[in-house]
Asks: 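I'd like to ask you about the structure that follows.
Every value quoted in this text rests on a predicted model; they were computed, and no experiment measured them. We count residues from 1, following the sequence as given.
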Amino acid sequence: MLKSAALALLLASAAAAAVAQTSQAQTPLPAPTSLPRPLPPIPAPQDVAYPGTIGIQVDLTDLAHKVIRTRQTLPVRPGPLVLQYPKFLPGNHAGTGPIQLVSGLTVTGDGQRIEWVRDTVDPYAFHLDVPASVQTLEVAFEWLTQPSNAVWRVVMTDEIVNLQWEKALLYPAGYNHSRITFAPSVVLPEGWNYGVALDTVSREGGVATFAPISLEHLVDSPMFAGEHYRRVEIDPDGEAVHLNLVGDTSASIRITPQWRAKYEALVQQADRLFGARHFDRYEFLLGLSSELGGIGLEHHRSSENTASPSFFSSSSPSFGSRGLLPHEYVHSWNGKFRRPSDELVPNFNVPTQNTLMWVYEGQTEYWGDVLTARSGLGTLEEAVVNLAEIAGFYDQQPGRQWRALQDTTNHNLLGYRTSNPWSSWMRGTGDYYREAALIWLDADTLIRAATNERKSLDDFARAFYGVEDGVWEARPYTFEDVVEHLNAVHPHDWATFLRTRLDAVGPAARAPLDGLERAGWRLTWVDELTPLEKRMMGGWANDFQYSLGFTLGSGNRIANVRWGSPAFEAGLGHGWELVAVGDRTASAEALRAAVTAAKDGGEPIRLVIKRDDAFRTVGFDYRGGLRYPRLVRIEGTRDRLADIFAPRRR
């Protein structure tokens, strides 16, 4: 039921206009229980305006059942109509719309129920026939959000709701999403507040009504709403950038002046890097929660982020959690304003392609880490340790023997973030983030060295992303565009430079580590870590992936067995449990001691392992000792990492 008289008038007004539908024979559809003939084709999106405005009200108040309820009003004309549920969701780079969680779909017109038929080829499409007398459809359904993160991410707790509009709406087929206008509103639990990049028109009790907006930008404007909410200004040069904090408790959203200053520095350093803003305002949405499902998702004028409830009170939150907001903020420029051409699709049911993910995500990963250091959210020393972890992982990755980095950009399309017990061999989404970041470090240091430090990848960022200040409509780019802009900064055979690194495959293929050495650093391996390295490499005590070839999980479970490692060759895999190390009860400490003793000339390592009711004793004549990655300075060279991570003064 509508909670606001003003909203009811708005929706009624929106419903008054008639809609021109794609011309087709207006033959009545078959009954839902019988399909004697094929359904008509789903109209392809056209660059024409959908006449009238679609009203949508989303009710977030059923916290007990964790159910989100949607009511829409659509101005229509008689005849065939196809309604679509968004499938290819921005930022997911795959067809991940949770159609499985849509229930209770009912359509009415003039008070009469209108039956729908789901498309038998595309289950995200619903066919119906609008009767001659009907000018407005009422559409209602539930989004059955899930109570745990076991299968679907939790978006609704007793204190917080993360509303993602694309999961709570249907839209008419046949139109570009930029040409369909929605008039959105939400019904909030009593006493709640919210952060969102939409413009609030009115707030009457629990109902917030927003200015009409295109479907494209509505989906790009999620909401974090909560019982505990705080909005913090972090724009040092205006009032356009904010932190919107929601938390499990009021204590979790208390931000200190020191933290606020770091986020102000982030905004300032991004301005100095790119030289332009492509938003009218930007809203960081940050959930400080142990119950809300974890997320880091980019949008043009906002981003969805989560962290621990103790994030602001902790003495040392993880480097990754501190780098999350810088990464997502960079996406406003790279991925949203400048967008790969094969990601810029006409609506949310046209398949996306991901060929330039190594720019979209890889260069964003690079700039995110750079801005983390330049803003003071991280230190230079932490940035170096982070690079050591990345370099070590890819230096030892066997998967490049069969799969090129370029092919990993298809990974989400093969099955969105499916489980992978052999990640070192299969490769995956992390590669076009982290390995690609090494390629961009390589490019940055090449430019710096070739121009005697006069130019850098910063110049590329300003020329490629820092154009058309104030414009926030997407501008597509291609591989050729990237090469052209790199050449404008420093002439080089950039096409070959990139393709060699992206397409390298086979036994001779190596990780792209040239940029580190050009920066004055070299990857090495050590058997003891500094206190900073231990803090940064949080799982170091259980990490044997570069020695025996696995990590030791909770309950002494063997996990992450590296393909081709001593553990792999000994027949270890997912599901085995470490029972004993020699004559000692199994523990990470005992295993570290055994690996160290074997290096110093002791007996071969002997492990007792168990899976189900089967026991095995496995021997390792491994003498390499514990191995952890570290970057060390190359004497007599310029420290270009210090240059790259230093804050910009202008």
Asks: Going through the checks in order, is the side chain to side chain contact (heavy atoms under 4.5 Å, CB included) test met by Lys167 and Tyr85?
Replies: CA-CA 8 Å; Lys167 296 179 175 67; Tyr85 185 75; 3.6 Å; yes
Asks: Among Ser303, Ser332, Ser302, which one satisfies side-chain hydrogen bond (donor to acceptor under 3.5 Å, both in side chains) with Tyr282?
Replies: Ser303
Asks: Angle between ring planes, Trp440 versus Phe460, binned at 30° and 60°: parallel, tilted or perpendicular?
Replies: parallel
Asks: Can you tell if the side chain of Ser252 reaches within under 4.5 Å of the side chain of Thr249, non-hydrogen atoms only?
Replies: yes
Asks: Which of parallel (below 30°), tilted (30 to 60°) and perpendicular (above 60°) describes Phe312 and Trp259?
Replies: perpendicular
Asks: Out of His300, Glu361, His299, which residue meets the side-chain hydrogen bond (donor to acceptor under 3.5 Å, both in side chains) rule with His331?
Replies: Glu361
Asks: Do Gln545 and Asn560 have side chains that get closer than 4.5 Å, going by heavy atoms?
Replies: no
Asks: Glu233: what forms a salt bridge (charged side-chain N to carboxylate O under 4.0 Å, His left out) with it, not counting sequence neighbours?
Replies: none
Asks: Can you measure from CD (Glu435) to CZ (Arg427) and round to the nearest 0.5 angstrom?
Replies: 4.5 Å
Asks: Please indicate whether Glu239 has more than 12 foreign heavy atoms, meaning atoms of other residues, nucleotides or ligands, lying under 6.0 Å from its CD.
Replies: no
Asks: Can you find a side-chain donor-acceptor pair between Thr200 and Tyr194 that sits under 3.5 Å?
Replies: yes
Asks: Go through the steps for Asp369 and Arg374 under the test salt bridge (charged side-chain N to carboxylate O under 4.0 Å, His left out), then give the verdict.
Replies: CA-CA 9 Å; Asp369 287 346; Arg374 289 183 183 178; over 6 Å; no
Asks: Indicate whether any N or O donor in one side chain lies under 3.5 Å from an N or O acceptor in the other, for Thr551 and Asn542.
Replies: no
Asks: Holding to side chain to side chain contact (heavy atoms under 4.5 Å, CB included), I want the full list of residues that pass it with Arg557, two or more places apart in sequence or in another chain.
Replies: Glu577
Asks: Where the side chain of Thr306 meets the backbone of Ile295, is there a donor-acceptor pair that is under 3.5 Å apart?
Replies: yes
Asks: Tell me the closest heavy-atom pair linking Leu188 and Ala225, and the distance in Å.
Replies: CD2-CB, 3.8 Å
Asks: To check you understand the geometry: which heavy-atom pair defines the closest contact between Pro326 and Gly368, and what is its length?
Replies: CB-O, 3.6 Å
Asks: What distance separates Leu243 CG from Arg231 CZ, expressed to the nearest 0.5 Å?
Replies: 10.5 Å
Asks: Check whether the ring centres of Tyr360 and His93 lie less than 6.0 Å apart, and answer yes or no.
Replies: yes
Asks: Indicate the atoms forming the closest heavy-atom contact of Leu170 with Phe126, along with that distance.
Replies: CD2-CE1, 4.1 Å
Asks: Work out which heavy atom in Leu377 is nearest to a heavy atom in Arg322; give both atom names and the distance.
Replies: O-NH1, 2.9 Å
Asks: Evaluate the criterion salt bridge (charged side-chain N to carboxylate O under 4.0 Å, His left out) for residue pair Arg277 and Asp469; output intermediate values, then yes/no.
Replies: CA-CA 5 Å; Arg277 291 182 178 181; Asp469 186 37; over 6 Å; no
Asks: Testing the 3.5 Å rule here: is there a donor-acceptor pair between the side chains of Glu473 and His217?
Replies: yes
Asks: If you define the side chain from C-beta out and look only at heavy atoms, does anything of Arg434 sit under 4.5 Å from Glu365?
Replies: yes
Asks: For a quick check under 3.5 Å, do Ser318 and Ser321 share a side-chain donor-acceptor pair by atom type?
Replies: yes
Asks: Quick one about Tyr394 and Asp431 (side-chain donor to acceptor, distance below 3.5 Å, no hydrogens or angles considered), yes or no?
Replies: yes
Asks: Please report the C-alpha distance between Leu218 and Tyr171 in whole Å, then the side-chain angles of each, then the deciding distance to 0.1 Å, and finally whether the side chain to side chain contact (heavy atoms under 4.5 Å, CB included) criterion is met.
Replies: CA-CA 12 Å; Leu218 176 64; Tyr171 69 95; over 6 Å; no
Asks: Please list, chain by chain and in numerical order, all residues satisfying side-chain hydrogen bond (donor to acceptor under 3.5 Å, both in side chains) with Gln268, sequence neighbours excluded.
Replies: none
Asks: Working note: Ile56 + Thr70, criterion side chain to side chain contact (heavy atoms under 4.5 Å, CB included); need CA distance, chi angles, decisive distance, verdict.
Replies: CA-CA 7 Å; Ile56 179 171; Thr70 289; 4.2 Å; yes
Asks: So Arg153 and Leu292, side chain to side chain contact (heavy atoms under 4.5 Å, CB included) or not? Walk me through it.
Replies: CA-CA 8 Å; Arg153 174 178 164 265; Leu292 192 69; 4.1 Å; yes
Asks: Taking atom types as modelled, is there a side-chain donor on Asn334 or Tyr366 under 3.5 Å from an acceptor on the other?
Replies: no
Asks: Looking at residues at least two apart in the chain, or sitting in another chain, which of them share a salt bridge (charged side-chain N to carboxylate O under 4.0 Å, His left out) with Glu533?
Replies: Arg630
Asks: Decide whether a cation-pi geometry holds between Arg338 and Phe464; the criteria are a distance under 6.0 Å from NZ or CZ to the six-membered ring centre and an angle within 45° of the ring axis.
Replies: yes
Asks: Apply salt bridge (charged side-chain N to carboxylate O under 4.0 Å, His left out) to Glu298 and list each qualifying residue two or more places apart in sequence or on a separate chain.
Replies: none
Asks: Give the C-alpha distance, both sets of side-chain angles, the deciding distance and a yes or no for salt bridge (charged side-chain N to carboxylate O under 4.0 Å, His left out) between Asp407 and Arg400.
Replies: CA-CA 10 Å; Asp407 187 62; Arg400 70 183 67 254; over 6 Å; no
Asks: Work out which heavy atom in Gly97 is nearest to a heavy atom in Tyr124; give both atom names and the distance.
Replies: O-OH, 2.6 Å
Asks: For Glu304 and Asn162, which I'm curious about, is there any donor-acceptor pair between the side chains at under 3.5 Å?
Replies: yes
Asks: Is the shortest heavy-atom distance from the side chain of Val232 to the side chain of Leu245 under 4.5 Å?
Replies: yes
Asks: Is there a side-chain contact between Lys66 and Trp143 (heavy atoms, below 4.5 Å)?
Replies: no
Asks: Would you say that Trp192 contacts Val186 through its side chain, given a criterion of any heavy-atom pair below 4.5 Å between the two side chains?
Replies: no
Asks: Going through the checks in order, is the salt bridge (charged side-chain N to carboxylate O under 4.0 Å, His left out) test met by Asp220 and Lys336?
Replies: CA-CA 10 Å; Asp220 211 26; Lys336 288 302 179 177; 3.2 Å; yes
Asks: For the residue pair Phe348 and His177, does the interplanar ring angle fall in the parallel (under 30°), tilted (30 to 60°) or perpendicular (over 60°) class?
Replies: tilted
Asks: Within 45 degrees of the ring normal and closer than 6.0 Å to the centroid, is that where the cationic atom of Arg301 sits relative to Trp472?
Replies: yes
Asks: Just wondering, do Gln164 and Leu297 contact through their side chains at under 4.5 Å, heavy atoms?
Replies: yes
Asks: If you take all heavy atoms of Gly195 and Leu285, which pair is closest and at what distance?
Replies: O-CD2, 3.5 Å
Asks: Classify the side-chain pair His228/Glu159 by whether it contains a donor and acceptor separated by less than 3.5 Å.
Replies: no
Asks: Side chains of Gln72 and Gln57: is there a donor and an acceptor less than 3.5 Å apart?
Replies: no
Asks: Are Phe182 and Pro212 side-chain neighbours, meaning at least one heavy-atom pair lies under 4.5 Å?
Replies: no
Asks: Look only at the side chain of Thr157 and the backbone of Ile160, and say whether a donor-acceptor pair between them is shorter than 3.5 Å.
Replies: yes
Asks: Is there a donor-acceptor contact under 3.5 Å linking the side chains of Thr352 and Glu343?
Replies: yes
Asks: Could you pull out all residues at least two apart from Asn193 that satisfy side chain to side chain contact (heavy atoms under 4.5 Å, CB included)?
Replies: Arg203, Tyr229
